[in-house]
Structure formats: structure tokens, C-alpha cells
Number of protein chains: 2
Amino acid sequence: MNALSFGVDRTGDGAAVSDTPTVYDVAEQSGVSIATVSRVYRSPDSVRPATREKVLAAARALGYVPSGSARGLASRTTGIIGLCFPDYADPDADSGAGEGDEEAGTLYSDQIIRGMERAARRHGYALLIAASLAGGPESLVAKVAGRVDGFAVLARTVPTEDLEVISRRVPVVMLAGPREIDHMDHIEVANRDGEYQLTRHLLADHGLRRLAFIGSADESPDVGARFEGYRDALREAGLPVPEAPDLRAPLMTRAEGSRATRALLDRPGPRPEALVFANDQMAVGALHTLEEAGVRVPEDVAVTGFDGIPLSRVVRPPLTTVRQPMRRMGEEAAELLIQRVTEAQRTPPVSRVLPVEVTRRGSCGCGEPSGGGASGAALPGAEG
Amino acid sequence: MNALSFGVDRTGDGAAVSDTPTVYDVAEQSGVSIATVSRVYRSPDSVRPATREKVLAAARALGYVPSGSARGLASRTTGIIGLCFPDYADPDADSGAGEGDEEAGTLYSDQIIRGMERAARRHGYALLIAASLAGGPESLVAKVAGRVDGFAVLARTVPTEDLEVISRRVPVVMLAGPREIDHMDHIEVANRDGEYQLTRHLLADHGLRRLAFIGSADESPDVGARFEGYRDALREAGLPVPEAPDLRAPLMTRAEGSRATRALLDRPGPRPEALVFANDQMAVGALHTLEEAGVRVPEDVAVTGFDGIPLSRVVRPPLTTVRQPMRRMGEEAAELLIQRVTEAQRTPPVSRVLPVEVTRRGSCGCGEPSGGGASGAALPGAEG
DNA sequence: TTGAAAGCGCTAACAT
DNA sequence: ATGTTAGCGCTTTCAA
């Protein structure tokens, strides 16, 4: 009743065409059962070498490639882990000739992708990536979820209600944000501690007092945590603790960093001794503006960023910042997922905080003025 | 006979647990047929709103997520395209604290991934990525091939014999290399023309005469094409045309670029007026070494690279190079694959050559000595 | 070591 | 607008 009749179209010389060959075709061609064909691919050693060769030869001749879908359905695993990330770049934006475009350089998500891919590969897994799109039943997320053994989600990518449903069916790890759902795994970086250490350095080691913090309008959890760390340091130093950032940039881009800096310089009253930016991009923008305005860094004002993007070490002066281990985060996520997938019984959800590293460079008055990487102490990580 | 009996484990309050729910469970719970459940996800509009809500509610309650594998098997499409790339970075290498690690910056493959993901997303596709591993029946490549509607392969990633088989079953586009297999699509960049233009610029506009070309030991097709372009320019100028590169670096890294430069400086005879490197990494290494040696660039010697990596514009002096549109290549690949997948009948294989762009900067004696991007004319692309 | 048979969970005609 | 019924191509007991 099944498809032995299922055609392998043949041209004159016997090469397969048009229809995609299946196990049945290979089995027929090599004179074995479909079970044996399957075994050749799943556990070659359980098949006699002679038989194996026969099957492989037939497969080659037919152009046979096992269907991943059929395998996945039958075996209930895919050997794939996934990643959903926000669509920073509008996919419809023109790629143009790629002017200053390149400079965006290594994105947040690129690093995570790289880390995950690497760790996945070590375990024989492939990585499925998809930037978030609209919600709804047929969102990309749902598609991803149905096709992987587990996946990671960058914060603010997938609606919580969707995750609520999905995370019951497949392991999900939330990246860089609050956990949101209590039975999900969760990895974040020490945003608060990082900014605290950085600010403390400005206060204690450089003796600065009038600081300004530039955050973002939409106040992501990450930026929020950084601001908290900033406040912690001020509080500890006995300085007035601001309720809100001195400025909130609509976007955390270089251009906005420039604009924010200009605004800050134009404000009445004494100029801040340090500009603490919520990310590197903005800080780099500030560097440009300050140079134009004839304000020296770090002599007249210190500048700090957050993220540790490659650009931060090549600007002049090199930027003091807090390095986020995004690559590492990707690796941890992959390892965690793969462990979840292979573990016999469900263990309690994990929450992991990755240590960040304060990188002291020229823009705060430290380190060598040029390249290199004088770095401070790594913060201890927490687990639980 | 089928699984209406298929258990939805229930706890006291009726929440589903343990077993993954299927269409049958959702159908039962909402009092419709499995076909209707399927319709709710595939074409919501073909179902009465009231029914749809009922089904969705049940799905939510049960924690139902459609199985991608089952869908793929039944519908014979996956909505996924793939990419196989070489494993530049050893996955087992320690990620360490990430010292100078970051500087590797945006890799070749990152850009392609980004381009493909973006184009894929525009069409509602997700992207499956896998770095190549060993060959054999159970290679990652085979896994990818079986799970996608089509995929792209970076040159020298997958054994030709494997591709031979696989490309018969699913559309494959070869990236950046020779086509290898005649029925495969193929996209490459104008390596030869790019290096030709660049060399010609050195010869014609700067009046240089004694050039040296630094290639690679393994002589990839890309590097080979670049060398050809270099020779074309020399020939055209009536200069002696070398049989082989002046030096072949074992790896195209910065360190090797330094070493090569040292070797070249130590050679007897007049020093070259220009060092033409087969890629940017090596050229950057050269810049360092030349500075150490007290040789001025471009006054004493011009230096050029190839690729247009971000680093090339921040080094001192900024590097004259040929920018490869890798992002664009990713996009083209994705578009091509998706077209192949959706096209009614097979059209002849495509071979596309993407134009590159000579970027004239300080290291050859052009442009502003600092940042920015004075760029020359784009080369025309070819199609066919 | 190999074969036979029963699904895996879904989509896609075809009915109704 | 909804239900019925076959498979999609593979893995997997269970026998032989």
C-alpha cells in the first residue's frame, strides 16, 4: 500500500530526475529494506560494510538526501537550536552603496549569533535565526519554535504571552533582560554592577563630582539597570542622587549622542565634569561633538560609554567603557539549551548573570592614549 | 485508529502538562476537526471568527505550537533557507576574556549572514546557519540540506561531491568562488577587476613602478583572481608580468602581513614602491611593521589591501582597498534562492558578478589622511 | 544484521 | 465554513 510505486523518473542513462527520491527509492535500488537505509544514516556501524556501501552508492546515484522534516517528525528532535532577535535594522531599508553603513560594525546580535553558532556546532547542532516580526499565530517566532529543540530570545523581541505558551513546549532561554516568565532560563549581564564600578572609578579615582547620565527614551531594562548602578555609586559617595537621567536620547545612536552633548553644553550652570553615556555609540558621537566644540577629553570633561564595541578602542581618545561579553552570552545560551534538551529530567530554571569588565582607557583620563587595552578588574558573576 | 486517545495529561485544574499537544488535542478541546485547527494557523480568514477564537483559546490553554517538522513533511516546504560557511574560528578555541579578540571585528561571514537574514525576513523566511564540519553522510551540511528550501554555500566549504548530490534535490547557490557545478547558481565579486583597477590606480595615477604582490599559500580562487587582476594592470602598463606573487603568506592574518613585510624589506635590491596585499588583514599588519621600521606610508611605500573591512578605515594611514559587498552578496543569495523556490518552472542557472568598489585612502597617497571615505568609481557588474 | 509495520503531527484534496 | 481521509518520508520497536 505504500509507495514502492513511488516513481524515480529515469532518463535514458538511469540518472534520477524531477521527483525527490526517498528511502523507498534507495531501498529498492539497493535491494534492502527502508529500515536499513535509515540505519545507514543514523548508525552506520550497525550495518554491514558491504550493505552500507551498496546503499550509499544507490543514494548517490539517485541524489538522495534525507528529509529533515520527516526525520524530525519521526524522531521528535531536530538537532537545531534557534535565536530570535529584534530587527534593529529595517529589512526594507536600502542597503545602498554601504557608505557609513559598514561602521555600525559588529552588532549586539552578531556577537550573540557567533557565540551560539560556535557552541551549537561543538555539539553538532545548527542554528536557526530569525528577527522578530509581527505577533500573531503565524509569526516568525512560532515558526522557529516549531522547528527547533530549544531557542533563545533576546529581550523585548517576543510578546510575553507568546512566550508563555511556547516555553511550555520547548526550552526557551531569555537573553539580556528580566526573566519575564518564571519557568524560563535566563541569562543577563551585570549592567548594574558594571555601571556602578565605572562610576565609582570616576568618583573615587579621578575625583570627579559633577556627573551627567545620558539614558534612552524608551528605558529598556538594560539601560534602567545601568542607571541604577550609576545612582548606587553616587549614593555611596554621598552625592545627590538624581531621580532620572540628565537626558534621555530618543535613540541610542551616535547622532543622538552628538545632539545630547550639544544640549548639555548649552545648559546654563557649570559644565559637567563627566558624561556617562548608556552606550558606546552615543559616547562616540559625543567625542566628535566635544572636539568640534573645542572641549578637551579628558582634561575638560571625561566621557564613558557602555558595551565595549570595537569602535570604542579606535576612537580618539579611546573610550573608557564596560565590556559586555555578548559572544559569551551566546555560547552560554546554546550550552544551556542543549543541556536542557538532552537532560533526562527537568531541572529547575537557571538564572545567570555574566560578569562585565570595566575597560579604562583615555576618555576618562586613564591608560595609554592609543590602542591596546588596559582593563580593570572583572566583576564577579552571580549564579542562581 | 488515530490518536484521539492521545493523552493530554491533566492536573487537577485542567492545565495541560508533560505530553506535547497536537492538532488532535486542540481539535478535541475546541470541538472542531483537525482540519479546522490546521486552517486557523494556515489561513485564519477561511475560518469563522468565532470558531477561530475557540480554537486559539484551546491552543493557548493546551500550550500548543504547530510542529514544524510535521508541517514541513506534509507541505513539502519549510520556509527556511540555509547558509553553510567555513569554520574560520576553531569552535574549541577558548573564548577567553576576549582581549584582542574583538578586533577580528565583522567577519566575512557575519556580513553575509546579515544580508541573507535580512532578505529572507522580507519574504517571511528564516535562516539556518551552520559552519562546515567533517564530510560524510551525517555532516552538518546534509542536515541543513534536508531542512531548508534552498541554501547558499561559501566557497570551499562543502566537498564538491556532496554538493553534486545535494544540489539535485534542493536549490543551491555557490558564493564567492568558482561555480564548480554547472547546474548551480553562483554569485561572486569582481575580484579580478577590483585588483586591476586598484593596481592601475597605483601605476597610472601615482606613477609607481616597482610593485610587490603578497598572496596566500593555499591560493584560493579569490586570491588567484586578484593576482590576475594585478597582472592585467602590469601587462597593460608594459611592465614585466610576474609568474607568481612576490610572497605567499601561509595565512592571511595581520601577523603574517607583518612578517611578510619584514621579509620584503630585508630582501636585497631596491625596495618596492608599493605593497599590494591580497587582503586587508595583512595590509594592516604591514602598516604596523612599516611604522616600526621607520618606513613612511605612503611617502616611502604605498600599501593596499582588499576586502574593505571596518578596520581599514581607522588605521593610520587609512587603508586604500577594494570594498567587497558581502552584505549585498548575502541578500542576492537569499533573493535568488527564494525565487528558485517559488518559481513555477526551472529556469537556467544564474551566474552573477557583484561590482566592487576601489576605496582610495591615505595609504596609497590619496584622500584625506583621517577617517571619511573618498571612494573611486564603482566597477560595472556583469550578468550571465 | 536485517525486515515488517506502525506511527510521528500535519496539510491537502475532496466532500459536505 | 467545516469534516474526512490519505498520505508526506522517516525512525523505531519487535521479530526473524
Side-chain angles (χ1 to χ4, degrees), chain A residues 1-8 19-28 30-55 59 62 64-79 137-138 142-143 145-147 169, chain B residues 1-8 19-28 30-55 59 62 64-79 137-138 142-143 145-147 169:
Chain A
M1 160 176 131
N2 218 322
L4 278 174
S5 55
F6 216 65
V8 175
D19 236 348
T20 50
T22 74
V23 274
Y24 289 95
D25 300 310
V26 177
E28 187 187 20
S30 54
V32 300
S33 74
I34 61 164
T36 298
V37 175
S38 177
R39 286 192 191 100
V40 167
Y41 287 88
R42 291 226 57 69
S43 46
D45 297 328
S46 72
V47 174
R48 189 150 35 95
T51 316
R52 194 194 313 149
E53 282 315 315
K54 234 176 15 186
V55 171
L62 258 26
Y64 170 75
V65 177
S67 150
S69 295
R71 284 187 139 168
L73 180 54
S75 67
R76 300 149 150 292
T77 68
T78 65
E138 271 314 70
K143 168 185 297 181
R147 292 191 174 281
R169 186 197 213 275
Chain B
M1 159 177 124
N2 219 322
L4 280 175
S5 57
F6 216 62
V8 176
D19 234 348
T20 48
T22 73
V23 274
Y24 289 94
D25 301 309
V26 177
E28 187 188 19
S30 53
V32 301
S33 74
I34 61 166
T36 299
V37 175
S38 177
R39 287 194 190 98
V40 166
Y41 287 88
R42 292 226 54 70
S43 46
D45 297 328
S46 71
V47 174
R48 189 150 34 95
T51 317
R52 195 194 312 149
E53 283 316 314
K54 235 178 12 185
V55 171
L62 258 26
Y64 169 75
V65 177
S67 153
S69 295
R71 285 187 138 168
L73 181 54
S75 68
R76 302 148 148 293
T77 69
T78 63
E138 272 314 71
K143 168 184 296 180
R147 293 193 172 281
R169 187 200 213 274

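To find a chain, count down the sequence lines: A is the first, B the second, and so on, and within it residues start at 1.
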**Study point:** Value rounded to 0.5 Å, distance of CZ in B:Arg71 from NZ in A:Lys143
**Key:**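 Rounded to the nearest 0.5 Å, the CZ-NZ separation comes out at 8.5 Å.
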
Practice item. Supply the atom-to-atom distance B:Thr22 OG1 to B:Tyr64 OH, rounded to the nearest 0.5 angstrom. Key: 7.5 Å

Kindly say if [X] contacts the phosphate of [N], meaning a side-chain N or O under 4.0 Å from OP1 or OP2.
{"X": "A:Thr51", "N": "C:dT1", "result": "no"}
{"X": "B:Ser67", "N": "C:dG9", "result": "no"}
{"X": "A:Ser46", "N": "C:dT1", "result": "no"}

Review point. With respect to the side chain of A:Val32, which nucleotide from D:dG9, C:dG3, D:dA1 is positioned closest?
Key: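 Closest nucleotide to the A:Val32 side chain: C:dG3.
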
May I have the distance from [X] (atom [atom1]) to [N] (atom [atom2]), rounded to whole angstrom?
{"X": "B:Arg76", "N": "C:dC10", "atom1": "CZ", "atom2": "P", "result": "18 Å"}
{"X": "B:Leu73", "N": "D:dA6", "atom1": "CG", "atom2": "C1'", "result": "13 Å"}
{"X": "A:Glu28", "N": "D:dC10", "atom1": "CD", "atom2": "P", "result": "14 Å"}
{"X": "A:Asp25", "N": "D:dC8", "atom1": "CG", "atom2": "P", "result": "11 Å"}

Revision key, fill the gap. Tightest non-hydrogen contact, residues A:Tyr41 and A:Pro44, listed as O-CD, 4.4 Å

Exercise for review: Under the side chain to side chain contact (heavy atoms under 4.5 Å, CB included) rule, collect the residues that match up with A:Ser69, sequence neighbours excluded.
Suggested key: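 For A:Ser69 the side chain to side chain contact (heavy atoms under 4.5 Å, CB included) partners, ignoring immediate neighbours, are A:Ser67, A:Arg147, B:Leu73, B:Thr78.
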
Exercise for review: Please identify each residue that fulfils side chain to side chain contact (heavy atoms under 4.5 Å, CB included) with A:Val47, with sequence neighbours left out.
Suggested key: A:Thr36, A:Arg39, A:Val40, A:Thr51, A:Arg52

Exercise for review: Give the B/S/- string for nucleotides 11-16 of chain D, one per nucleotide from 5' to 3', where a protein heavy atom under 4.0 Å of the base yields B, of only the sugar-phosphate yields S, and otherwise -.
Suggested key: BBB---

Review point. Does B:Tyr24 reach the side chain of B:Val37, with side-chain heavy atoms less than 4.5 Å apart?
Key: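 A side-chain contact is absent here, since even the closest heavy-atom pair is not under 4.5 Å.
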
